[in-house]
Amino acid sequence: MLRLHDTHAREKRQFTPLDPQNVRVYFCGPTVYDRAHLGNLRAMMCADILVRLLRVLYPQVTYARNVTDVDDKITARARENGEDISALTARTTEAFHEDLASLGILPPDIEPRATHHIPEMLEMIGRLIENGHAYEAEGHVLFAVRNFPSYGELSGRSLDDMIAGARVEVAPYKRDPGDFVLWKPSAPDQPGWDSPYGRGRPGWHIECSAMSHRYLGESFDIHGGGDDLLFPHHENERAQSLCCYPGSKFATHWLHNGMLLSNGEKMSKSLGNFFTIREVLEKSPAEPLRLLYLGAHYRSTLDFTWDKLEEARRILDRLYRALERGDAQQEANVPATVLDALCDDLNTPLAIAALHPLADAAMQGDQEAASGLLAAGKQLGLFQVSPAEWFRSGVDASAIEALIEERLAARKARNFARADEIRNQLAADGITLEDGPGGTTWRKA
RNA sequence: GGUCCGGUGGCAGAAUGGUGAUGUAGCGGACUGCAAAUCCGCGAAUGUGGGUUCGAUUCCCGCCCGGACCUCCA
């Protein structure tokens, strides 16, 4: 029994799928003009936790996440780089996939690209013009917000308030300042497709409406993305889709994740607190980053700091140690404490807190607890490697073991000076020794 | 300016109309040749002023502070 906060209702609601045999989820994916940054990762992580949970609760989940591969930022970047647009988007998409894969984020079932769905978008635009929700003006096609009474309902703002606070000049061809572009004309050096309105390219919002419709139908279960997409992107998607397919529901649940800050401020290149996923993964294994994200509820603002990443690594050290000591076995069930936490609006901080008593028991040799811990961690996308890999991969084990042997001999001879010298030498190389009743073990510090 | 969200121990972070999880850090102890790891124990928090209530951290209002969005940023 899953409860999710629904942005539209502004409260937690019991999740009831339209079709319990096939839960359908759409998340807004990346615009592929540059490497993904830590902020982009937040939404992808949120979707990952959601989909992983839905997969244990329902027999089938169809998860679609688009790639926006036509956009003025892409055009501009390709020009700067002196690179073909298609080369830029292909390269960036591949990098995006690599970054997410290293964090254990499961790929979507369907990953539609905007440029492959121009006909679907034009089809929707045509219908919207026909039924009076859109109009042509100076080569543009615009959506008429005033013809859609519940415009603003999703994001909780009134059209009049928005216009009062507007800080951008309104294009003269708009009938209403709130109208937004479905299709816009392309200059010869901009990407474009032939259409009844002339050669042009789609507005941003229409692609998600067209692709969600194509793959998930007129009505589907969950639509998600970052909080910053709520307005205008999701508001506009909803307006387009509902007007295009009267009687449909579009998304029945809306999920929005909070923003990520870096050192207390919004990431920006000039502040020096802007990090791509790649940059972080060059300095840290991936799992601490995942744990850092999961340590905050998805709807709250999350502040990324290197100290938190380090703390996450220490927590993982302890959890992996518990798995090792408890000799965790695969394929146990996820303990109810963890599953219940996730079912309460994806409460990952509570789920992680529930890991610790399992770790305590596992530490004392409780294999059932250790196996439960493993299953729980895997449900959260953690424990992608074995404890042995976590603690001891990537270094020359035989050299270390030789030194351990030498140190053992020194200790037997009560030559502690030599024994400590060896331990300090290994410590300097990032290796920590642990003398236990069963002998000496080692791990990466 | 408009709309919205949030302010919990040193730090992170749950929960709740009635004794405020968990982690991390700190401190003390056990264990250890000394460490590391582990175990035991300790101290430590609901921004502020009102209101509702037998009782508020939780609900309501004001204030202060932080953040997001306001036409293409996850």
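Note that this is a predicted model, so its numbers are computed, not measured. Order of the sequence lines fixes the chain letters, A, B, ..., with proteins taken first and strands second; residue numbering starts at 1 for each chain.
Rounded to a whole angstrom, the distance from the C1' atom of B/rG9 to that of B/rA25 is 11 Å. For the C1' atom pair drawn from B/rA14 and B/rU58, the interatomic distance equals 14 Å after rounding to whole Å. Comparing the C1' positions of B/rA56 and B/rG47 gives an interatomic distance of 16 Å, to the nearest angstrom. B/rG26 and B/rA35: their P atoms are spaced 15 Å apart (whole Å). Taking the P atom of each, B/rU3 and B/rA45 are spaced 37 Å apart, rounded to whole Å. Between B/rG20 and B/rA30, the two P atoms lie 31 Å apart (nearest whole Å). Spacing between B/rU46 and B/rC59 at atom C1', rounded to whole Å, works out to 15 Å. B/rA12 and B/rA21 are spaced 14 Å apart, taking the C1' atom of each and rounding to whole Å.
In this model, a side-chain donor or acceptor of A/D435 finds a partner on the base of B/rC34 within 3.5 Å. Evaluation of atom-type donor-acceptor distances gives a pair under 3.5 Å for the side chain of A/R423 against the base of B/rC34.
Counting any heavy atom pair closer than 4.0 Å across all strands shown, A/G39 reaches a base atom. Residue contacts shown for A/N347 are limited to sugar-phosphate atoms, with no base heavy atom under 4.0 Å away. Nucleic acid contact for A/M259: base, since at least one base atom lies under 4.0 Å from a heavy atom of the residue. Residue A/H256 is out of contact with every strand shown, counting any heavy-atom pair closer than 4.0 Å.
Nucleotide B/rA36 is matched to nothing when pairs are restricted to Watson-Crick or G-U wobble geometry with both distances under 3.5 angstrom. B/rG1 is paired with B/rC70 under the Watson-Crick or G-U wobble criterion, all donor-acceptor distances under 3.5 Å. Using N1 to N3 plus N6-O4 or O6-N4 for Watson-Crick, or N1-O2 and O6-N3 for G-U wobble, each under 3.5 Å, B/rG6 pairs with B/rC65. When both distances must be under 3.5 Å, the Watson-Crick or G-U wobble mate of B/rG17 does not exist.
No option in A/R321, A/R318, A/R325 other than A/R318 meets the salt bridge (charged side-chain N to carboxylate O under 4.0 Å, His left out) test with A/D360.
By the side chain to side chain contact (heavy atoms under 4.5 Å, CB included) test, A/A137 pairs with A/Y135, A/L142, A/Y173, sequence neighbours left out.
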Check your understanding: What string of B, S and - do you get for nucleotides 23-28 of chain B, 5' to 3', when a contact is any protein heavy atom under 4.0 Å?
Key -> BSS---
